[in-house]
There are 2 protein chains.
Amino acid sequence: MVNESKSFREICQENGIAVTHQRQVLYEVMKSMHGHPSPEEVYARVKKKVPAISLATVYKNIHLFVESGVFRKMSMHHGSVRVEMNDEPHHHMVCSKCSAITDIGEKELGLVPKRNRLADGFLVERYSVDVIGVCAKCQMAST
Amino acid sequence: MVNESKSFREICQENGIAVTHQRQVLYEVMKSMHGHPSPEEVYARVKKKVPAISLATVYKNIHLFVESGVFRKMSMHHGSVRVEMNDEPHHHMVCSKCSAITDIGEKELGLVPKRNRLADGFLVERYSVDVIGVCAKCQMAST
DNA sequence: CTTCTTGCAAACCCTTTGCATCCTG
DNA sequence: CAGGATGCAAAGGGTTTGCAAGAAG
């Protein structure tokens with residue numbers, strides 16, 4: 001707990017942003033979530049601890065965190081901004097029926113790309129793979 | 001031209017939708033576009049040929065086309081619905097600076113996944129790869 | 001003729017912004 | 001204290017919907 005507060009303070013100092021109560025709770029709540037929560041979902045959770053917080057503040061700080069590299073924005077298939085909560089290198093399985101998105105570990109997926117320069121001099125940072133298909137639940141449903 | 005009209009009629013018949021003037025022009029305009037046009041961009045073009053058309057009609061028909069499998073919706077990094085105009089198997093290079101999206105041929109990318117069932121019984125239909133990085137233009141700009 | 005489609009405007013959802021107030025550094 | 005952060009409400013994009021009038025089959 002002391003550690004977590006400390007590292008959050010450090011993160012803020014590194015990025016030149018103030019350590020506010022809202023910010024800290026937001027950070028901790030997000031860290032504790034899994035998957036790809038929407039701003040509304042994050043807001044709902046944070047509100048339990050800081051009832052007076054506003055959605056706007058949640059949005060502003062999610063952007064701030066993303067810009068600072070604290071969290072990563074994921075390639076959205078959802079209709080809203082999503083943040084990546086999974087620290088492990090992974091990709092996504094997207095259900096074409098119900099749009100559910102599930103993580104799949106990089107190793108488990110088993111790709112073998114890795115070039116760092118492509119056509120037109122595009123400089124590669126990373127690969128993000130979406131496996132489009134049908135999830136188990138929807139396969140059941142259509143049987 | 002006769003051919004194109006004919007194939008559009010067939011498409012409509014196969015999907016049980018009426019062949020309207022708007023629909024036909026929309027289809028032809030979309031077929032003639034490249035990249036990942038937004039509904040507004042499509043609307044602007046169609047409007048030149050059918051001035052009275054409404055944005056709502058464009059939206060309704062884009063959805064219809066996507067549902068019928070005439071066009072494919074692409075995994076959006078843009079903030080709006082985009083449709084895939086490239087018939088060749090390909091993936092996308094997404095610039096992390098300017099968000100520009102460029103197609104890259106499947107062969108050129110050279111990935112080799114291809115399994116058809118993954119964790120949790122997920123049934124694979126296809127892979128969609130986003131190569132995240134910096135485009136040539138933005139590399140220049142930051143020099 | 002009946003049903004599907006269009007166009008228009010209002011409604012909606014998600015997100016951003018302006019501004020006065022409040023808090024951190 | 002000064003500048004940044006918050007909360008609120010209003011504004012903004014993109015997209016959808018309800019409905020009357022108009023085409024398609």
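Proteins come first, then strands; the chains are lettered A, B, ... in the order of their sequence lines, and each starts at number 1.
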Discussion item. Suppose we screen for ring-ring contact (aromatic ring centres under 6.0 Å, His included). Which residues come up paired with A:His90, at least two apart in sequence or across chains?
Written reply: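 Once residues adjacent in sequence are excluded, the partners of A:His90 under the ring-ring contact (aromatic ring centres under 6.0 Å, His included) criterion are A:His92.
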Can a side chain N or O of [X] be found less than 4.0 Å away from OP1 or OP2 on [N]?
X	N	value
B:Gln22	C:dG7	yes
B:Thr57	C:dG7	yes
B:Arg23	C:dT6	yes

Report the distance from atom [atom1] of [X] to atom [atom2] of [N], rounded to the nearest whole Å.
X	N	atom1	atom2	answer
A:Tyr59	D:dA5	OH	P	20 Å
B:Gln13	C:dC4	CD	C1'	15 Å
A:Glu40	C:dT16	CD	P	13 Å
A:Lys73	C:dC14	NZ	P	17 Å
A:Leu55	C:dT15	CG	P	9 Å
A:Leu26	D:dG7	CG	C1'	15 Å

Apply side chain to side chain contact (heavy atoms under 4.5 Å, CB included) to [X] and list each qualifying residue two or more places apart in sequence or on a separate chain.
X	value
B:Thr102	B:Met93
B:Ala141	none
A:Lys137	A:Cys135
B:Val66	B:Ile62, B:Lys73, B:Val83

Practice prompt. Name all residues meeting the side chain to side chain donor-acceptor pair (under 3.5 Å) criterion together with B:Gln139; count only those two or more places apart in sequence or in a different chain, and write none if there are none.
Written response: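 Checked B:Gln139 against side chain to side chain donor-acceptor pair (under 3.5 Å); matches are A:Arg117.
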Worksheet item: Are any non-hydrogen side-chain atoms of A:Leu109 and A:Val131 less than 4.5 angstrom apart?
Response: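 Heavy-atom side-chain distance check passes, below 4.5 Å.
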Worksheet item: How long is the gap from OH on A:Tyr59 to OG on A:Ser54, to the nearest 0.5 Å?
Response: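 It comes to 11.5 Å.
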Worksheet item: Quick one: what's the B/S/- string for nucleotides 18-25 of chain C, heavy-atom cutoff under 4.0 Å, read 5' to 3'?
Response: B-----SS
Measure from the side-chain N and O atoms of [X] to the backbone N and O of [Y], and report whether any donor-acceptor pair falls under 3.5 Å.
X	Y	value
B:Asp130	B:Ile132	no
B:Ser32	B:Val29	yes
B:Arg126	A:Gly133	no

Discussion item. Ignoring hydrogens and geometry beyond distance, is a side-chain donor-acceptor pair present between A:Asp103 and A:His36 at under 3.5 Å?
Written reply: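 A pair is found: one side chain offers a donor N or O, the other an acceptor, under 3.5 Å apart.
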Discussion item. Short of 4.0 Å, heavy atom to strand atom, which residues of residues 62-69 of chain A count as contacting DNA chain D?
Written reply: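 The answer is none.
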Practice prompt. Please round to 10 degrees the angle between the axis of the first five pairs and the axis of the last five pairs in the helix from C:dC1-D:dG25 to C:dG25-D:dC1.
Written response: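 It works out to 40° between the end axes.
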Discussion item. Suppose clustering is done on Ile, Leu, Val, Met, Phe, Trp and Tyr with side-chain heavy atoms closer than 4.5 Å. Which residues sit in the same group as A:Leu64?
Written reply: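 Its cluster partners, ordered by chain and number, are A:Ile17.
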Fill in: Within residues 41-52 of chain B: residues closer than 4.0 Å to DNA chain C (heavy atoms)
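Heavy-atom cutoff 4.0 Å gives B:Ala52.
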Can you list, pair by pair, the side-chain donor-acceptor contacts under 3.5 Å of residues 39-52 of chain A, counting residues two or more places apart and other chains?
{"residue": "A:Glu41", "atom": "OE1", "partner": "A:Ser38", "partner atom": "N", "Å": "2.9"}
{"residue": "A:Tyr43", "atom": "OH", "partner": "A:Lys47", "partner atom": "NZ", "Å": "3.0"}

Discussion item. Within the 4.0 Å heavy-atom criterion, would you say B:Ile53 contacts the bases, only the backbone, or no part of the nucleic acid?
Written reply: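 The answer is sugar-phosphate, as B:Ile53 gets under 4.0 Å only of primed atoms, P, OP1 or OP2.
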